[in-house]
Colleague: 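To start, I am sharing the structure in question, which I have written as structure tokens.
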Amino acid sequence: MSAAMDSSFVLEIALALGAGVLLNLTPCVLPVIPIKVRTILRGAGEGLGARAVSAALFALGSVSFFAALGLATALLHLQWGVLFQSRAVLVGLVVVMLVLAAASFSARSLPVPAAIARVGGSRHLGPFASGLVGGVLSTPCTGPLLGGVLVFALTRPPADIVALFVAIGLGMALPYVALLLRPALLARLPRGGAWAEVVRKSFGWLLLGGAVFFAQSLLPAWVADTSWIAFLAALVLWAAVTALRASDRRTRWAAALASMPALAIVYLGAGFWPATGHGIPWQPLRAGGVGAIATLHRPALVEFTAQWCLNCRILEKTVYRDPAVARAVRAAGAVPLQADLTRPNPILQRLLARYGGAGIPFLAILDRNGREVGHLSGLFTAGTLIERLSTLQPVSTAGAAAPADSASEVSASVSAATGGATVILHIARGWHVYANPPSAPYLIPASVRVLRDGRALDLRPSYPPGTTIGLRIDGRDILVYEDGTQIGLPGLASLRGTQVLVRVQACEDKGVCLSPATLTAAVR
């Protein structure tokens with residue numbers, strides 16, 4: 001396992017552990033807290049050894065439930081992502097989250113069955129049963145809070161999947177294990193009050209934000225955007241009113257800090273939120289264009305994403321927006337393609353499986369022949385992606401070393417006349433450059449700039465129509481320029497003091513594309 005994958009897995013374990021701790025404050029688990037506290041108080045008067053046994057059994061009960069759930073996920077290969085493609089599942093998930101949010105706002109916990117409320121038994125059975133019951137009751141809230149972690153788990157080996165679920169159970173048990181080992185901590189716990197009520201209601205906002213996040217896959221774009229704006233306005237209003245009404249500083253701070261997780265959901269989930277940098281210019285990959293990937297004759301990135309994938313949104317707001325990553329993609333001459341799995345698409349799902357992906361987010365890195373030469377799954381850093389892109393080098397042709405860049409196969413000359421100047425492209429036999437405008441957004445067309453005394457002149461080059469040589473991508477003819485193509489520069493009657501720059505990407509008619517180059521046209 002690579003260092004990048006290790007760091008990503010450690011991050012997911014930490015997130016699962018922390019989210020497991022937070023599950024204790026959800027309306028799913030709140031009703032069973034008295035049962036857990038009763039277990040703690042029952043063992044508080046015993047010796048350290050007996051309390052340690054109770055703590056271990058309590059943790060074992062919680063971990064056992066989640067380990068079993070993780071084992072079932074690993075062995076049965078439950079496809080959480082495929083479930084999220086179902087409208088019925090999304091509707092059900094949204095309804096559950098709305099009900100749980102309402103429970104948080106109404107100061108009511110979900111009812112506990114009488115049989116569970118009477119959990120007790122022997123000294124050893126009681127702690128184990130209390131931990132187990134907490135895990136069982138947490139399941140309605142586990143999916144909403146840990147959806148990204150669970151989807152990520154499907155990209156891991158079975159042992160790692162189980163480890164992620166165990167981390168959730170361990171996180172749930174940790175506060176009670178600490179109290180069993182140190183009963184004196186009960187006296188130091190802050191007393192409840194207005195601030196505690198604010199923190200509890202903040203989970204309602206977190207669940208409500210999750211409901212909007214998953215509902216946006218079911219709604220028209222304008223309705224989803226309106227829902228996010230309404231949610232954000234209501235959240236800010238609640239935090240402001242709560243802080244203004246608070247009579248103590250602790251409650252005011254609680255109102256500000258407790259709203260931060262919900263604000264994070266708005267930032268990551270809402271597509272209209274501004275993000276720094278222009279990022280990678282993704283082009284949509286549809287089912288009909290899959291067969292054309294191998295005909296690009298350029299490296300490619302294929303990102304598999306979906307609206308319901310929170311980890312995908314994190315990458316798209318951070319790593320894919322990094323200017324250094326965008327420069328690395330351009331330097332590699334890679335075509336960035338984006339496959340949307342928000343809705344079921346058998347062709348794109350088979351492509352994901354062919355590249356070795358079991359879940360999303362997933363990024364496949366392809367060479368210029370369309371072969372997968374590497375991939376990244378889950379969360380990863382900009383540095384990891386840049387390192388992978390640096391390995392994409394021009395391939396050799398006919399057994400010879402590949403030229404360094406397009407300047408090896410293309411040159412340009414320029415001459416002036418009364419009506420304007422003319423740039424002529426000199427292209428080696430068997431090679432071409434892409435016409436301007438390009439036939440597809442991700443192609444690099446031939447373009448001309450004119451500088452005089454270091455400043456760009458406001459000229460509009462007259463690009464000729466391209467020709468076809470049999471290249472087709474996604475059902476479209478690709479237009480190219482061949483040797484002798486002339487590009488007009490109207491209004492440029494004198495070349496004195498000027499520098500004519502021509503940017504091209506040379507591609508062999510049989511397939512290989514070289515790195516783009518900027519040429520200085522020779523004056524004739």
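Numbering starts at 1 and runs along the sequence shown.
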Colleague: Taking the side chain as C-beta and beyond, is there a heavy-atom pair between P361 and E303 under 4.5 Å?
Modeller: no

Colleague: Can you give me the closest heavy-atom contact between V502 and A521, atom names plus distance?
Modeller: CG2-CB, 4.5 Å

Colleague: Between the main-chain N or O of Y481 and the side-chain N or O of T485, is there a donor-acceptor pair closer than 3.5 Å?
Modeller: no

Colleague: Parallel, tilted or perpendicular, judged at 30° and 60°: which one describes the rings of W238 and W205?
Modeller: tilted

Colleague: Just wondering, do P175 and V21 contact through their side chains at under 4.5 Å, heavy atoms?
Modeller: yes

Colleague: Does the side chain of Q307 pick up a donor-acceptor pair with the side chain of Q216 at under 3.5 Å?
Modeller: no

Colleague: How close do V177 and A59 get, heavy atom to heavy atom, and via which atoms?
Modeller: CG2-CB, 3.9 Å

Colleague: Hey, are the side chains of S406 and Q505 touching, using non-hydrogen atoms and a 4.5 Å cut-off?
Modeller: yes

Colleague: Any non-hydrogen side-chain atom of L98 less than 4.5 Å from a side-chain atom of V94?
Modeller: yes

Colleague: Might you work through the side-chain hydrogen bond (donor to acceptor under 3.5 Å, both in side chains) test for E482 and W431, ending with a clear yes or no?
Modeller: CA-CA 7 Å; E482 297 184 285; W431 293 78; over 6 Å; no

Colleague: Show the nearest heavy-atom pair for residues T318 and I314, with the distance to one decimal.
Modeller: OG1-O, 2.5 Å

Colleague: With no hydrogens and no angle check, do the side chains of W282 and E316 hold a donor and an acceptor under 3.5 Å apart?
Modeller: no

Colleague: Considering non-hydrogen atoms only, spot the tightest contact between F362 and S377 and give its length.
Modeller: CD1-CB, 3.9 Å

Colleague: Indicate yes or no for a side-chain donor-acceptor contact from S62 to the backbone of G169 under 3.5 Å, with no hydrogens or angles considered.
Modeller: yes

Colleague: Any heavy-atom pair between the side chains of Y434 and C507 that's under 4.5 Å?
Modeller: yes

Colleague: What closest approach, in Å, do L479 and S439 show between heavy atoms, and which atom pair accounts for it?
Modeller: N-OG, 2.9 Å

Colleague: Distance-only, no hydrogens or angles: does the D367 side chain make a donor-acceptor pair with backbone N or O of G370 under 3.5 Å?
Modeller: yes

